[in-house]
Protein chains: 2
Amino acid sequence: MKTSKKEQALETIKQRVLTMGLPPGATLDETLLADQFGLSRTPLREVLQRLAGDGYLSLETNRGATVSSMDLNTMRSFFQSAPMIYAAIARLAADQATTSQLDALKKAQSAFRKAVKHDKLNDMVIYNHRFHEITGTMAASTYLSPSLGRLLIDHTRMSYRFYTNDQDASRTRIMEACDQHDEMIDAIERREPARAVDLTLKHWELSRREMEKYVTPDPLPNDAADFLHAGDTVREVETV
Amino acid sequence: MKTSKKEQALETIKQRVLTMGLPPGATLDETLLADQFGLSRTPLREVLQRLAGDGYLSLETNRGATVSSMDLNTMRSFFQSAPMIYAAIARLAADQATTSQLDALKKAQSAFRKAVKHDKLNDMVIYNHRFHEITGTMAASTYLSPSLGRLLIDHTRMSYRFYTNDQDASRTRIMEACDQHDEMIDAIERREPARAVDLTLKHWELSRREMEKYVTPDPLPNDAADFLHAGDTVREVETV
DNA sequence: TAAATACATATTGTATACAATAGCCGATTC
DNA sequence: GAATCGGCTATTGTATACAATATGTATTTA
């Protein structure tokens, strides 16, 4: 394995962003990071530029790099565009995946399953991310891949959040998602685009419900009396 | 107007790519460009990195920057994904365009019309590109914009090619396209997403037919006799 | 003559020193 | 006491010198 310091910096920062070690909005210190990775500022800046190009960071002139934020507007367009892109990627992937890509996908999936089994949150997040990234390379579309990439970044970060928020509930969902991955692999391997799309949309729905629950949780009780009975209140209907 | 040398370099190189001054596959010389724009290599490299991030160039380590190529595979995914993305962008744009964005769009359109009128190819290409770019900013989708950007780059380059290839035929099409722009502006201004999508797809079809004709032209005559009558041959059916 | 190797040259990558800009803090003024 | 101005410091941006890599050429050898 011969990874240059630059690639290492790139990968490390990516992972820190995805696992919220660097939370949205955080500012990055060039000189600090440069020292940290044993690089001078010049190549480190190139790393930051690339990460900005991929949607992990955003750069503002004379004001350095910050982790891409997830505000209300981005959330909105996230829910608008994710299913469309995911479905398109799934179809293309099932159409034209190569066997070596399939191997990589299976490997990511087994690493994911293992992480789930041992309840290693960071690994789960990273390998799930990788799984879907590979899906993107299978699709081999210069045009859709960048969109997928950005969607995945925010999807991963949100997943991380809602897992941290309610571990027990999330765990069963994640195991379900993990099984869906296996089915998706099968659909791709058998070259069944329609089924791959279908599974992908199911996968999305599962995730979407969870995210929506996190974004719009049960309202807080609005007076003292309600507050006392808060634990008893029946869970309200869920928008589907 | 206070544009830094860097922004100027960025913009100039973009335009050179779009107008095929820098054809697909061309290699760029860092030191030369740096001198040309009165910059040192460090900031110029940052420009190149950004252009690579946006899909104009592609960088290979130790081998410099080359203009993004347009091979068969990319063409394939281009035709696959363009209508989907264009339609999605149109819908979002009609939903949420701001008035200042609309002003910018109208300005780009009038510049485009003027360029068409005076038959200034480069200006046409640039302002048409800008028109659709603004459409993208209207959609305000972090996730779809990068896809749109890449599609537009290649769309613009192809348009340039087929215009150069057959000016007279293209000219009437371009005037039609120009009128469609006006209608699109109207649809956006009136907040009619469905109509905006519809117009966009028509716009796409117009362009698509032209591109397909260029990509798959009438076959060359395959023997001497045919060759002599080549000028007389009736144009074959057009795949629709 | 063809192939291979080693050297020379051109180009890319990195480090560091220097310049410019932004943000902060204290001082001065009303 | 509030506000604005001015300089100080921290951080970003740029230039340049140096290192590493790749490519082309000439020379050697089979």
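So you know, we letter chains A, B, ... as the sequences are listed, proteins then strands, and number each from 1. Please read all numbers here as calculations on a predicted model, not as lab measurements.
For D/dT14, one of the phosphate oxygens OP1 or OP2 lies less than 4.0 angstrom from a side-chain nitrogen or oxygen of B/K6.
Side-chain proximity of B/E30 to the nucleotides D/dA15, C/dT12, D/dT11 is greatest for C/dT12. Residue A/R41 places its side chain closer to D/dT12 than to any other of D/dA15, D/dT12, C/dT11.
Sorted by residue number, the members of residues 32-40 of chain B with any non-hydrogen atom under 4.0 Å from DNA chain D read B/L39, B/S40. Looking at residues 55-65 of chain A, you'll see A/N62, A/R63 sit with a heavy atom under 4.0 Å from some atom of DNA chain C.
Donor-acceptor pairing under 3.5 Å is lacking for the side chains of B/E60 and B/T66.
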Distances under 3.5 Å between protein N/O atoms and the N/O atoms of nucleotides 5-9 of chain D, please, pair by pair.
none

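The ring pair (Phe, Tyr, Trp, His ring centres under 6.0 Å) analysis of residues 32-52 of chain B, with sequence neighbours excluded, yields no pairs. Listed by first and then second residue, the salt bridge (charged side-chain N to carboxylate O under 4.0 Å, His left out) pairs that reach into residues 20-44 of chain B are B/E30-B/R41, B/E30-B/R45, sequence neighbours excluded.
A salt bridge does not link A/E46 with A/R50: every distance from a Lys NZ or Arg NE/NH1/NH2 to an Asp or Glu carboxylate oxygen is 4.0 Å or more.
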N/O donor-acceptor pairs under 3.5 Å from side chains in residues 15-27 of chain A, not counting sequence neighbours:
from  : atom 1 : to    : atom 2 : distance (Å)
A/T19 : OG1    : A/Q15 : O      : 2.8

Q: For side chain to side chain donor-acceptor pair (under 3.5 Å), just list the numbers for B/D103 and B/S100, CA-CA rounded to whole Å, side-chain angles, deciding distance to a tenth of an Å, and then say yes or no.
A: CA-CA 5 Å; B/D103 286 346; B/S100 76; over 6 Å; no
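Evaluation of atom-type donor-acceptor distances gives no pair under 3.5 Å for the side chain of A/T31 against the base of D/dT12.
Using cut-offs of 30° and 60° for the angle between ring planes, the A/Y86 and A/H155 rings count as parallel.
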